[in-house]
Amino acid sequence: MTARPRWSSDELEQVRQLAATYFTKEVIPNVPKHVAQGHPDKALYRRAGELGLLCMSVPEAYGGGGGTFAHEAILTEEQVKAGDPSMGFAVHCSIVAHYVLSYASEAQKQKWLPRLASGEWVGAIAMTEPGTGSDLQAISTRAVRDGDFYKVSGAKTFISNGRVCDFLIIVARTGGPGHAGISLLCAEVSDTTPGFERGRILDKLGGKGQDTTELFFDELQVPVVNVLGGEEGKGFIQLMQQLPQERLSTALIAMASIERAVDLTVEYTKQRHAFGKPLFALQNTRFELAECATLRRVCRSFIDECVESHLEGKLDVTTAAMAKYWVTDQACIVADRCLQLFGGYGYMKEYPISHLFADTRVLRILAGANEVMKELVARSL
Amino acid sequence: MTARPRWSSDELEQVRQLAATYFTKEVIPNVPKHVAQGHPDKALYRRAGELGLLCMSVPEAYGGGGGTFAHEAILTEEQVKAGDPSMGFAVHCSIVAHYVLSYASEAQKQKWLPRLASGEWVGAIAMTEPGTGSDLQAISTRAVRDGDFYKVSGAKTFISNGRVCDFLIIVARTGGPGHAGISLLCAEVSDTTPGFERGRILDKLGGKGQDTTELFFDELQVPVVNVLGGEEGKGFIQLMQQLPQERLSTALIAMASIERAVDLTVEYTKQRHAFGKPLFALQNTRFELAECATLRRVCRSFIDECVESHLEGKLDVTTAAMAKYWVTDQACIVADRCLQLFGGYGYMKEYPISHLFADTRVLRILAGANEVMKELVARSL
Amino acid sequence: MHVRTPEQASFAAAIDAFCRAKTGTRAQRDALTDHGKEAHSPALYAQMAELGWLGVGLPPEYGGSGGGLTEICLFAERTAYGLAPVGGYITTAVAAGPYLKFATEAQRAKVLGGIARGRVEAIAMSEPGAGSDVAALTCRAKKVSGGYVVDGQKTWISNAHLADHMLLVARTQAHGSRHEGLTMFCVPTGTPGVEIRGIPTMGGKEVNDVFFTDCFLPEDAVVGKVDQAWPQLMAGLNSERLILAASMLGRGRRAFDDAVAYVKERKQFGKPVGSFQALKHRVADLATELDCCELLVYRVAAMADEAPDRMLPREASMAKLKTTETAKRVALEGMQMMGGYGYALEYDMESHLRATVISTVFGGTSEIQRDIIGKTFGL
Amino acid sequence: MHVRTPEQASFAAAIDAFCRAKTGTRAQRDALTDHGKEAHSPALYAQMAELGWLGVGLPPEYGGSGGGLTEICLFAERTAYGLAPVGGYITTAVAAGPYLKFATEAQRAKVLGGIARGRVEAIAMSEPGAGSDVAALTCRAKKVSGGYVVDGQKTWISNAHLADHMLLVARTQAHGSRHEGLTMFCVPTGTPGVEIRGIPTMGGKEVNDVFFTDCFLPEDAVVGKVDQAWPQLMAGLNSERLILAASMLGRGRRAFDDAVAYVKERKQFGKPVGSFQALKHRVADLATELDCCELLVYRVAAMADEAPDRMLPREASMAKLKTTETAKRVALEGMQMMGGYGYALEYDMESHLRATVISTVFGGTSEIQRDIIGKTFGL
């Protein structure tokens, strides 16, 4: 049903094929297990690394694929298309590895990137705290200098990959109040690291099988050399600079969700009969799907333009905020309208639309709530 | 506020400049007169012809500008931006001249196009009848062969440029029932043409000063050689083939309306104060405008892609229907939300937003009601 | 869906019958309104006065029939439904409130008696810099010997060109909080120093700019207490919002009925267009919303009638917000259902749209109503 | 905003107090529902039976207190608001209708008496090929000596796993119009040949597939008249739609109150997030819609109680459509207002969303309700 994006190429379509096979053959059969245990198997990260699907935009010199953001976009699309809610690739590749690539010193890059690209390590970023949300000024996790180490203490919540991560970027306060006191500290962590505790895996409406947790730090020791980029107080700026790409990544998930929802629903309504006709013959069904298909087409135009401009390094904060807010809103609207067309079946877990509805909902909240995006857009007017 | 479209060029921007000057200096001062008399001055068509603004996509050999659809898109954008509701250029250039260019015989082209391009003639197309709408099969205007002439009898309504037109494409039935009986007849008409009567100028909610009329034919004589393309029974197919471009043109008007509405409203809300602050400082205003600006951006992405694909000759029926339905819907939504932000002033005629609201509303109805567009989209699923 | 008492039902039936007879056709309405240019027909209004309807919400001593807001709403709803050009009624009914509650006996006899006899009243409050933000008023009434001198501009003043008096709100104290120091005056429209100029709007002739230049008003022009206009205004907000809501309920119902009649009649591809699911479902949604509006308006009117001194900021704002937004939606969707015919002036749908689109702005915008409602939840 | 009688008010207050005490905390609800896996707590339901609440809509001779649909709605609304896990009540109350109107005295005594004592009843109607399209049912009850043999599958059967009996609708005539030849049977859930299998849904354990294989039912299992299930079903639609609507009104109000409590509490940039206009306006809109729903539900319930035999297809469908759509909207917007906390299971908002999202499908989808309403306008 869905044409290939404007910015794709034959090489990217081969990556797509590889990713599709990986998800459908290797990941999907394990999703029930991931859901039951609350997190994905780490072996699947390593398998993705073997296949070259991790950190595709990281240069080959650091063990990556030497590709671009487009490669990661393809991975995202295929994950959604396959219906996998569990693997935390978006955070691992497009966020964590990308922070390291963008800000880390050469030594840090050489040390950390190969292990992220191979899947030996799973990455996570500990930003949100119970009392903060979009309000980064309120960060209260403290990193106190003690010789060659910081001692980090505080609590974080809503941390994706929190249960399985081995490498953690911690947003902490190394200085005084305000933005200038914030640094990003990189920590290698395991279940036995002193001062580090993984909290509960939070039970969520959707995204089942993907581990979102609380994390607690009680004088966790992080070497001073692990400050990302080597300099204190740059954390806020570093966070800000990465946001457009994170938002675009979120919009891409939403885009793929829309495509999948429409495809599933066209198929279902053509095959399911009521009142002696396929559901698709009812005018209401036709119009609902025509509207959803139009939204899909319009979103695709816009997303393709955003991806192209990001590939050229030109995606600005405003446009990224528009993409994040608008496409995720549309994804939820489309998921809701499509679920309705399934009738009762849309509510049953055996129908993927029920998962799509639940999984999509969080997109309007994470990576900056859509209300925050609107404020960013308003500032540009 | 508004960046130039992706598909524009320096040459096109010069045309834009010329068009902007024409509208603001020559047309706008006459709008009150047009509104009072119910139709634009024909002299302004001739003036546009002199400036080379008419039929820009018609080859120079026929007196046109030798340009592309992009030139006509620029003219549309500037008309909306200037706030002129009265000149019927969309019908004259993008529809009537384009029908002639696409279907007429060489002799017909040489005879008719130069006069349309110079503005000597104003063109119109007589399609809708009181009893039909989107249902073209129900056309009942009859053309009865009588020697070298047809005698045309019937009534038409909602005919744009109906009061000032000199050249009329009439959708009439030359044969039996159904699509195959329909032909397009080209008639040169004047106020004294026997068997031709212009009915009332219909008073409309918006589009004031642009003449939408009823037309009556009572054995109007049309030479048989004036069948468009020279062959009977092709009318329905000819109509169908032009629809994507007509719909894209309508979407372009909507696009320009959105841009104008947002620009006007940002300006107004920054300058108008309430409760001691600019309206723009209220969160509701900021979010409303952020949402409208996002819609503008998204529509622009989509429209640009549609224009580009039309310039390559690749715009399909489905995508054109999506553009027509979706962008005109958004234009009405944006106009309504923007008017609301003006408060009472938005309702006063001295504020252009009140006209924009009224003028935009018809876009969801003409060139095929949006419900019909949705049906077309549904057929593609 | 709301239940009327037998008296209310027969009142409504009488109005409906009157409108069918007097304003049932386009030609009748054109004759009464100079082809839509006027929103108020004094001739028709006089006939309604004869029938005793205009005092429906006034006490018997002023020629009224002693009804409450419920009856006023019923009148506003049914005349709006009947497209009766009595645009003067709303400001008149709203203006009556402060006179009833705060005016001297002489003022009441003059103004309220006039209202029952079919005179129109206006309210001069909004200013170019102060729309919904009443506290920002700057129009000044300066105390002089024997009275006040007023200077300033009012805008958006509905029916000033038709009214006997304007209920003016002007600033009598320059200091203190923005809400303090405002006073109400009863200003005969012919007072020297008052100039009334019509403003062209999408809806025809209804609103005016009013200029006060060295306009002298005697002491006894003050309505209620000096410097106390703000609380006096607040006491009248329930009725203003409800009457507007009732009027838009009537207009919305009319737009709905017109659209339904059209889609049942109009055929495309051999079937009435209303039988297509896309239109049928739209009709169902609009019908549901209108019934909700009706229940809401009359429930709030009943609450106001049960306790006339009670402020109902949340409830009255809900009625105004919901009903005006719904009426606008009905007109917008009705226009789409009617296609080109909805856009042409021969049909009434475009006038329904013009009337309803402004209703979300008049009498406190929807945004202001939402602010008020939100505030009642402690936000 | 709806006005309750003193009796109704004290009934509602009693339910509210009960829920605060028994289901007020997450821990209490987790204990009663095995951490959300069950939608119905027999233990809690038994306490309600003791209080005499479960027979609120039944005549005294069956242990009821003789109330009407209004009281049933009140119970459904307030228990939904209180998050009491009594998911069995709705099908039970709906099933009671046909027994009351059409069953033999013996059937009534057994089933209705059981209901008042806290037993659950289910209705076995939908089939894999026939959801809202009841007339497409194919499950067959073949006449044999002394009774019927039933074969076929039912799906989507709420509470079958909890119920004493299912009110089965099966085809007893293969010929004739699709609406004819359907018969109602009272089937004890333990009858041989009946197999009940739970279906996993977004909302936990509530619905089941039910398989009938050579299932013998005696003559006296027929409820009402043979081949007359269709008109008997139609007579019960008012109550089904209204009870669902009332339940969603309660759930919607709860979602609203939870969201408001959150946005008043939660601070960002030094202010409660609810004080930002974007949230305040949303709260205002939702509050208005919920009040409309309340007025609509109880007005239609009153109409049904005034004339129990009257079919109210338009009104009951409006109540169902409007209330379920509103409840879903409140939950969706409530989740957004709560940000990440709304998505996490510790807060109730995600359960409000799961409960409300299915309500627009259950008991006739919104699309079906719109079809029905549209039809009453002659479309």
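The sequence lines fix the lettering, A, B, ..., with proteins before strands; numbering per chain opens at 1. Values in this document were obtained by computation on a predicted structure and should not be read as measured data.
The residue among D/L295, D/I372, D/L321 with the most heavy atom pairs within less than 4.5 Å of chain C is D/L295. Taking D/V263, D/V3, D/V300, D/V260 one by one and counting their heavy-atom pairs under 4.5 Å with chain C, the maximum is reached by D/V3. Among the candidates C/V283, C/V273, C/T376, C/L279, the residue making the largest number of heavy-atom pairs closer than 4.5 Å to chain D is C/V283. Among C/Q277, C/R370, C/M303, the residue making the largest number of heavy-atom pairs under 4.5 Å with chain D is C/R370. Ranked by heavy-atom pairs under 4.5 Å with chain D, the list C/G378, C/S366, C/S275 is led by C/G378.
For the pair C/K264 (side chain) and D/F377 (backbone), a donor-acceptor distance under 3.5 Å is present. In this structure a side-chain-to-backbone donor-acceptor pair under 3.5 Å is present from D/R299 to C/M1.
Atom CD1 of residue C/I373 and atom CG of residue D/L286 lie 11.0 Å apart, to the nearest 0.5 angstrom. The CD atom of C/E325 sits 7.5 Å away from atom CG of D/D285, with the distance rounded to the nearest 0.5 Å. Put simply, CZ on C/R282 and CG on D/L379 are 12.5 Å apart, with the number rounded to the nearest 0.5 Å. Note that CD of C/E289 is 7.5 Å distant from SG of D/C292, once rounded to the nearest 0.5 Å.
For D/F256, the part lying under 4.5 angstrom from a heavy atom of chain C is the side chain only. Proximity to chain C (any heavy atom under 4.5 Å) is restricted, for D/D291, to the side chain, taken from C-beta onward. Looking at C/E367, both its backbone and its side chain come within 4.5 Å of chain D, counting heavy atoms on both sides.
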